[in-house]
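Structure first, then comments.
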Amino acid sequence: MARILMIVAHPDDIDFGSGGSVARWIAEGDTVDYCIVTDGDAGGFDEAVGRVEMAELRRKEQRAAADVYGVGEIDWLGYPDGRLYVTHDLRRDLSRVIRQRRPDRCVVPSPTRNLRSTYGSHPDHIAAGEAAMCAIYPDARNPFAHPELLADEGLEAWTVPETWIANPGDGADLYVDITDTLERKIEALRAHESQTAHMTDLAERMQMWGYSQAKAAGWCTDGTPPEERRYAEGFLVLDTK
């Protein structure tokens with residue numbers, strides 16, 4: 001069974017993008033942990049909610065959503081939401097988590113902008129993806145990178161054998177069938193009340209997105225009747241041994 005580390009910029013990113021896959025992996029016996037780079041303090045729609053309060057709320061919501069699947073640990077790096085950049089400190093902090101969790105697979109955001117998807121190209125997502133790729137190679141595996149991790153914390157170098165890029169647009173080369181776990185994905189998303197309570201069509205949105213991914217995988221067509229539709233999440237799989 002695999003040890004999987006999900007790295008994202010914000011609370012709810014995993015549930016929107018890869019929640020059905022997380023549910024399936026855990027059901028199949030894999031171990032899944034999260035690393036969330038920001039607290040999501042710039043999220044939400046209620047101006048009466050302070051930003052510190054929002055960050056605390058989003059941590060609680062993410063834990064509740066993770067519990068829907070049976071996720072293990074959540075590492076919070078606490079960077080400011082909306083002001084994420086690829087820095088040496090961020091690379092070190094991600095390297096620390098990788099060395100602590102020692103995953104067989106990292107799942108990370110795309111480090112490149114998708115010009116066909118404004119919402120899929122949030123600057124924080126791109127920064128988190130690029131910093132994660134830098135941490136996977138060369139930082140986490142190099143004992144001479146961030147030497148304080150070994151000298152002060154005893155964290156030995158770790159090579160991530162496989163890296164999956166989540167939601168790579170039309171560049172996916174592997175699709176996970178989430179037909180049987182779509183409802184759990186939707187349940188987890190509802191736990192993010194500060195972000196999704198206004199979405200009266202949340203289930204329909206997730207169904208249509210999953211259906212579009214299944215069509216990209218070649219499992220369905222535009223003419224597939226609703227009762228026969230399958231749902232998917234796409235990834236680009238990289239050998240990072």
Side-chain angles (χ1 to χ4, degrees), residues 1-38 59 62-79 90-111 125 128-143 145-146 149-150 152-168 172-178 180-181 184-185 188 191 232-241:
M1 300 302 173
R3 299 187 307 275
I4 301 170
L5 176 63
M6 313 288 293
I7 298 174
V8 292
H10 310 110
D12 80 20
D13 286 350
I14 293 169
D15 299 295
F16 272 111
S18 307
S21 299
V22 170
R24 176 168 176 171
W25 294 331
I26 292 174
E28 293 175 344
D30 295 330
T31 298
V32 179
D33 296 315
Y34 291 177
C35 176
I36 301 178
V37 177
T38 81
R59 285 190 179 220
Q62 181 61 88
R63 184 66 261 178
D67 287 343
V68 171
Y69 310 130
V71 169
E73 300 297 326
I74 301 179
D75 290 296
W76 296 90
L77 300 189
Y79 282 77
L90 178 56
R91 289 170 55 174
R92 178 204 61 217
D93 292 346
L94 288 169
S95 297
R96 174 186 290 110
V97 175
I98 290 170
R99 292 187 185 189
Q100 288 171 333
R101 302 296 170 205
R102 305 175 79 79
D104 303 304
R105 178 192 310 158
C106 275
V107 182
V108 307
S110 174
H125 297 178
E130 176 62 22
M133 293 299 296
C134 292
I136 291 165
Y137 177 81
D139 295 359
R141 72 183 66 199
N142 182 355
H146 314 294
L149 295 180
L150 179 59
D152 299 339
E153 302 177 39
L155 295 174
E156 296 186 356
W158 179 257
T159 297
V160 179
E162 190 173 76
T163 301
W164 292 25
I165 308 297
N167 309 307
D173 59 7
L174 184 147
Y175 292 88
V176 175
D177 190 333
I178 64 165
D180 294 335
T181 57
R184 296 182 70 191
K185 170 176 177 159
E233 291 168 345
F235 301 88
L236 174 64
V237 178
L238 308 176
D239 181 346
T240 50
K241 288 192 291 291

Handout entry: Distance in Å, Arg99 CZ paired with Asp139 CG, rounded so as to fall on 0.5 Å steps
Key = 8.0 Å
Practice task
Measure the spacing between CG of Leu150 and CG of Leu155 and express it to the nearest 0.5 Å.
Solution key: 8.0 Å
Fill in the blank from the handout: Output for pair (Cys35 SG, Ile14 CD1), nearest 0.5 Å, gives 9.0 Å
Exercise for the section: Examine distances only and state if a side-chain atom of Gln62 and a backbone atom of Asp12 form a donor-acceptor pair shorter than 3.5 Å. Expected result: yes
Handout entry: Arg96/Glu153 ion pair, N-O < 4.0 Å
Key = yes
Problem - N-O pairing of Glu233 and Lys185 below 4.0 Å - result: yes
Fill in the blank from the handout: Heavy-atom nearest pair, Ala140 first then Ile98, reads CB-CG2, 3.7 Å
Handout entry: Cation-pi check, Arg105 onto Trp164 ring (under 6.0 Å, within 45° of axis)
Key = yes
Handout entry: Exam field: side chain Asp173 to backbone Val237, donor-acceptor pair closer than 3.5 Å
Key = yes
Practice task
Please answer whether the main-chain N or O of Ala23 pairs with a side-chain N or O of Thr181 as donor and acceptor at a distance below 3.5 Å.
Solution key: no
Practice task
Taking the side chain as every heavy atom from C-beta outward, state whether Leu77 and Val97 have any atom pair closer than 4.5 Å.
Solution key: yes
Completion exercise
d(Leu94 CG, Met133 CE) to nearest 0.5 Å is 12.0 Å
Practice task
Might you point out which heavy atoms bring Val160 and Cys106 nearest each other, and give the distance in Å?
Solution key: CG1-N, 3.8 Å
Practice task
Report yes or no: does Tyr175 contribute a side-chain atom to a donor-acceptor pair with the main-chain N or O of Phe235 at less than 3.5 Å?
Solution key: no
Problem - Non-hydrogen side-chain atoms of Pro103 and Trp158 separated by less than 4.5 Å - result: yes
Problem - Salt-bridge criterion met for Arg101 and Asp75 (N-O under 4.0 Å) - result: yes
Exercise for the section: Please check if the side chain of Arg3 supplies one atom and the backbone of Arg102 the other of a donor-acceptor pair under 3.5 Å. Expected result: yes
Problem - Stepwise side-chain contact (heavy atoms from CB on, under 4.5 Å) test for Met6 and Ser18 - result: CA-CA 9 Å; Met6 313 288 293; Ser18 307; 3.8 Å; yes
Exercise for the section: Let me see the working for His125 and His10 under side-chain contact (heavy atoms from CB on, under 4.5 Å), right down to the final yes or no. Expected result: CA-CA 8 Å; His125 297 178; His10 310 110; 3.2 Å; yes
Problem - Side-chain (Thr159) to main-chain (Arg141) donor-acceptor, under 3.5 angstrom - result: no
Practice task
Identify the two heavy atoms, one from Val108 and one from Thr163, that lie closest to each other, and give their separation to 0.1 Å.
Solution key: CG2-CG2, 4.1 Å
Problem - Closest non-hydrogen atom pair, Ile178 against Ala232 - result: CG1-N, 3.7 Å
Completion exercise
What one should report as the nearest heavy-atom pair of Pro168 and Leu236 is CG-N, 3.7 Å
Practice task
For Asp104 and Ala2, indicate whether the former's side chain and the latter's backbone hold a donor-acceptor pair under 3.5 Å.
Solution key: no
Practice task
Assess whether atom CG of Asp67 is packed by more than 12 heavy atoms of other residues, nucleotides or ligands within 6.0 Å.
Solution key: yes
Practice task
Indicate the atoms forming the closest heavy-atom contact of Leu5 with Tyr34, along with that distance.
Solution key: CD1-C, 4.1 Å
Practice task
Go through Tyr137 and Asn142 one step at a time and tell me if the side chain to side chain donor-acceptor pair (under 3.5 Å) criterion holds.
Solution key: CA-CA 8 Å; Tyr137 177 81; Asn142 182 355; over 6 Å; no
Exercise for the section: Could you tell me the separation between the CG atom of Asn167 and the CG atom of Asp13, rounded to the nearest 0.5 Å? Expected result: 9.5 Å
Problem - Heavy-atom check, side chain of Ile36 versus side chain of Tyr79, under 4.5 Å - result: no
Practice task
Go through Val107 and Ile4 one step at a time and tell me if the side-chain contact (heavy atoms from CB on, under 4.5 Å) criterion holds.
Solution key: CA-CA 7 Å; Val107 182; Ile4 301 170; 4.0 Å; yes
Exercise for the section: Would you give the length of the straight line joining atom OG1 of Thr31 to atom CE of Met1, rounded to the nearest 0.5 angstrom? Expected result: 9.5 Å
Problem - CD (Glu156) with more than 12 external heavy atoms under 6.0 Å - result: no
Problem - Verdict with reasoning, Val22 to Ile26, per side-chain contact (heavy atoms from CB on, under 4.5 Å) - result: CA-CA 6 Å; Val22 170; Ile26 292 174; 3.8 Å; yes
